[in-house]
Amino acid sequence: MAVITVDVAGRPYEVRVAAGLLAELVQHCRGRLRKRSVPIVTDRNVHSAWGDVVEAALRDSGHEPHWRILPPGEATKSWDELSATVNWLLAQEVERGDHILALGGGVIGDLTGFAAAIVKRGCHFIQLPTTLLAQVDSSVGGKTAINTPAGKNLVGAFHQPSLVLADLAVLDTLPERELLAGYAEVVKYGLIGDADFFSWCDTNGPAMLAGDPALREYAVAHSVAHKARIVAEDERETSGTRALLNLGHTFGHALEAETGFSDRLLHGEAVALGMVLAARFSARVGLLSRSSANHVADHFASVGLPSQLSGLGLACDGQALAAHMLHDKKMDAGQLPFVLMKGIGEAFIARDVELSEVAKFLDEELEA
Ligand code: NAD
Ligand code: GLY
């Protein structure tokens with residue numbers, strides 16, 4: 001088992017990574033499940049696949065699980081589901097010292113974490129991430145949020161979990177498309193600050209995706225360790241370090257917005273293409289070599305992730321995509337910071353990018 005500590009000031013917590021952690025849930029949560037009754041929020045798909053394992057683990061140790069099973073999908077990160085979940089937690093008589101379990105992907109983790117942040121002004125929660133994306137990114141670092149009609153993740157809180165148990169066994173039931181989407185966030189750590197890890201992905205990515213257990217543990221633990229270092233340095237995204245994790249996200253969010261935040265383009269797929277666009281834009285303005293930008297695109301293409309904007313078949317122009325970026329929550333005094341690349345493993349924040357230049361670049365990419 002790999003154990004990574006996220007050293008946030010005053011509230012350090014562990015991320016444990018191994019196969020079989022859900023079956024040993026109570027042992028890992030020792031001391032945290034104070035009452036017989038344990039509230040668990042999940043979605044229907046995850047409950048079908050892993051509900052029995054968690055139910056048995058809790059009941060075998062004398063606990064009584066209380067499930068809140070939500071519809072799967074991004075639409076669940078809504079005011080309505082938040083409000084109903086908060087009311088449900090209050091009906092469960094959850095106290096500040098109790099721990100709520102969040103069993104699912106980023107949707108369940110973000111919603112449950114936000115509910116935990118506001119119920120009784122903050123109670124504890126434990127992340128049990130069941131997608132690769134949630135294991136390497138969303139379950140770690142304490143960003144919680146819901147979506148509103150004005151945009152994605154616009155209402156939320158920083159609220160760190162008390163523990164994260166990343167059970168690698170859950171990846172066996174994850175649809176392949178979701179696994180690939182999570183892989184984009186794994187590669188991101190290589191691209192932002194770890195060229196050796198990007199090389200590791202080149203060599204081992206396909207076998208890891210195919211299910212090699214040792215490679216999976218390495219990929220998840222290495223990604224989590226990278227994120228943990230960033231979060232410990234810049235928990236609230238104020239110094240610029242944590243903002244590096246947004247590589248590919250500004251372009252990606254525009255693509256998600258244009259495709260209606262739908263199954264047409266999953267978040268991780270948008271981030272993969274967004275990272276290709278960030279690399280190509282960096283090359284266009286002379287920061288990155290063309291061969292490095294092509295290397296990034298070729299890597300994503302080789303595993304089956306989107307790597308060509310023209311391949312999406314969008315019926316819009318570059319200006320329309322750039323317009324979506326204006327609603328980005330990273331806008332700062334009218335300027336949108338972009339994460340660009342000087343090399344593989346050398347991402348940085350650029351604060352002088354003109355959106356009109358981005359729109360022109362996107363027009364070229366839409367026609368390429
Ligand atoms: P998701 O939670 O929607 O899960 C994807 C799909 O896989 C769902 O249909 C789900 O039911 C299913 N699923 C999950 N685990 C499964 C399993 N083990 N077996 C079978 N099916 C399973 O999507 P996601 O990609 O995990 O998360 C995306 C969300 O995460 C977005 O809302 C995004 O904004 C958010 N996010 C948050 C952060 C953060 O720092 N908080 C970071 C990145 C992304
Ligand atoms: N996923 C970006 C962050 O946690 O900051």
Side-chain angles (χ1 to χ4, degrees), residues 6 8 22 41-51 53-54 69-78 81 102-114 117 127-147 151-161 164 166-186 188-189 192 223-224 226-228 230-231 233-250 252-253 256 261-263 265-272 329-330 339:
V6 185
V8 283
L22 287 182
V41 183
T42 190
D43 75 27
R44 260 196 319 270
N45 295 338
V46 178
H47 186 257
S48 301
W50 294 95
V53 173
V54 172
I69 303 167
L70 298 173
E74 190 67 32
T76 288
K77 276 173 58 171
S78 65
E81 294 294 359
L103 174 71
V107 164
I108 291 300
D110 280 13
L111 177 90
T112 310
F114 190 28
Q127 290 270 22
L128 306 173
T130 62
T131 61
L132 181 58
L133 181 140
Q135 295 191 344
V136 300
D137 190 359
S138 63
S139 67
V140 179
K143 280 189 182 175
T144 72
I146 56 163
N147 307 324
K152 231 180 98 119
N153 295 330
L154 290 184
V155 176
F158 284 96
H159 186 56
Q160 300 289 346
V164 182
D167 183 345
L168 298 167
V170 300
L171 302 180
D172 293 341
T173 61
L174 192 62
E176 195 186 341
R177 190 175 168 204
E178 298 288 352
L179 188 72
L180 268 181
Y183 178 68
E185 303 279 8
V186 172
K188 182 182 76 179
Y189 294 107
I192 60 179
S223 300
V224 168
H226 194 144
K227 181 152 186 185
I230 288 180
V231 170
E233 196 179 317
D234 183 17
E235 183 186 355
R236 298 274 170 143
E237 204 168 305
T238 46
S239 76
T241 307
R242 187 163 182 170
L244 292 174
L245 292 170
N246 295 322
L247 176 65
H249 284 61
T250 303
H253 271 156
E256 284 184 277
F261 296 100
S262 67
D263 283 357
L265 191 68
L266 300 180
H267 174 73
E269 293 170 339
V271 168
K329 64 183 171 311
K330 296 181 287 296
V339 187

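Each ligand, and each atom within it, is numbered from 1 in the order the structure gives. Note that this is a predicted model, so its numbers are computed, not measured.
The line from NE2 of H267 to CG of D137 is 6.5 Å long, rounded to the nearest 0.5 Å. The distance from the CD atom of E269 to the CG atom of L180 is 8.0 Å, given to the nearest 0.5 Å.
Shortest contact from atom 1 (P) of ligand 1 to any protein heavy atom: V107 CG2, 3.9 Å. Scanning the protein for heavy atoms near atom 23 (O) of ligand 1, the closest one is G106 N, 4.1 Å. The shortest contact between atom 35 (C) of ligand 1 and any protein heavy atom is with D110 OD2, 3.4 Å. Regarding atom 38 (C) of ligand 1, its nearest protein heavy-atom neighbour is S138 CB, 3.2 Å. From the protein, the heavy atom lying nearest to atom 44 (C) of ligand 1 is L133 CD2, 3.6 Å. Counting protein heavy atoms only, atom 22 (C) of ligand 1 is closest to L174 CD1, 3.7 Å. Ranking the protein heavy atoms by distance from atom 1 (N) of ligand 2 puts D137 OD1, 3.0 Å first. Here the heavy atom of the protein found nearest to atom 31 (C) of ligand 1 is E74 OE1, 3.3 Å.
When each atom of ligand 1 is checked for a heavy atom of P72 under 4.0 Å away, the hits are 9 (O), 11 (O). Ligand 1 places these atoms under 4.0 Å from at least one heavy atom of K227: 40 (O). Close contacts of ligand 2 with L245, meaning ligand atoms under 4.0 Å from a residue heavy atom, involve 2 (C), 3 (C), 5 (O). Near K143, meaning under 4.0 Å from any of its heavy atoms, are these atoms of ligand 2: 2 (C), 3 (C), 4 (O), 5 (O). Which parts of ligand 1 touch N45 is read off a 4.0 Å heavy-atom cut-off, strictly below it: atoms 9 (O), 10 (C), 11 (O). Close contacts of ligand 1 with K152, meaning ligand atoms under 4.0 Å from a residue heavy atom, involve 31 (C), 32 (O), 33 (C), 34 (O). Within ligand 1, the atoms closer than 4.0 Å to a non-hydrogen atom of T173 are 17 (C), 18 (N), 19 (N), 20 (C), numbered from 1 in the order shown. Near T131, the atoms of ligand 1 lying under 4.0 angstrom from a non-hydrogen atom of the residue are 4 (O), 14 (C), 15 (N), 24 (P), 26 (O). Remark: ligand 1 atoms within the under-4.0 Å shell around heavy atoms of D137 are 42 (C), 43 (C).
By the 4.5 Å heavy-atom criterion applied to side chains, L103 and V54 are counted as neighbours. Side-chain atoms of E81 and P71, non-hydrogen and from C-beta on, do get closer than 4.5 Å to each other. You'll find the side chain of D110 stays beyond 4.5 Å of the side chain of I146, heavy atoms only. The shortest distance between side-chain heavy atoms of Y189 and V224 does not fall below 4.5 Å. For the pair Q135/L168, a side-chain contact is recorded, criterion being any heavy-atom separation below 4.5 Å from C-beta on.
No side-chain donor-acceptor contact under 3.5 Å links W50 and T130.
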_Test side chain to side chain contact (heavy atoms under 4.5 Å, CB included) applied to D43 and V107, step by step_ = CA-CA 9 Å; D43 75 27; V107 164; 5.9 Å; no
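With a heavy-atom cut-off of 4.0 Å, V140 does not touch ligand 2 at all. Residue contacts with ligand 1 for N153 involve side-chain atoms from C-beta outward but no N, CA, C or O (heavy atoms, distance under 4.0 Å). Contact annotation for R44 and ligand 1: no heavy atom of the residue comes within less than 4.0 Å of the ligand. Using a 4.0 Å cut-off between heavy atoms, K143 contacts ligand 1 through both its backbone and its side chain. Residue-level proximity to ligand 1 for D43 is carried by the side chain, the only part with a heavy atom below 4.0 angstrom. At a heavy-atom distance under 4.0 Å, only side-chain atoms of P175, from C-beta outward, approach ligand 1.
Exactly one of R242, Q160, K143 qualifies for a side-chain hydrogen bond (donor to acceptor under 3.5 Å, both in side chains) with E235. That residue is Q160.
In terms of polar-atom proximity, N246 is not counted as a contact of ligand 2, lacking any N or O under 3.5 Å from an N or O of the ligand. Between T130 and ligand 1, a contact under 3.5 Å exists for at least one N or O pair. Taking distance alone, with nitrogen or oxygen atoms compared against 3.5 Å, V170 approaches ligand 1 more closely than that limit.
The nearest pair of heavy atoms linking N153 to N147 is N-OD1, 2.9 Å. Listed here is the closest heavy atom pair of A102 and G109: CB-CA, 4.3 Å.
Remark: distances from the non-hydrogen atoms of K227 to ligand 2 include one below 4.0 Å.
For the residues E256, E178, K77, H249, the heavy atom positioned nearest atom 32 (O) of ligand 1 is part of K77.
Taking a cutoff of 4.0 Å between a charged side-chain nitrogen and a carboxylate oxygen, D263 and R177 do not qualify as a salt bridge.
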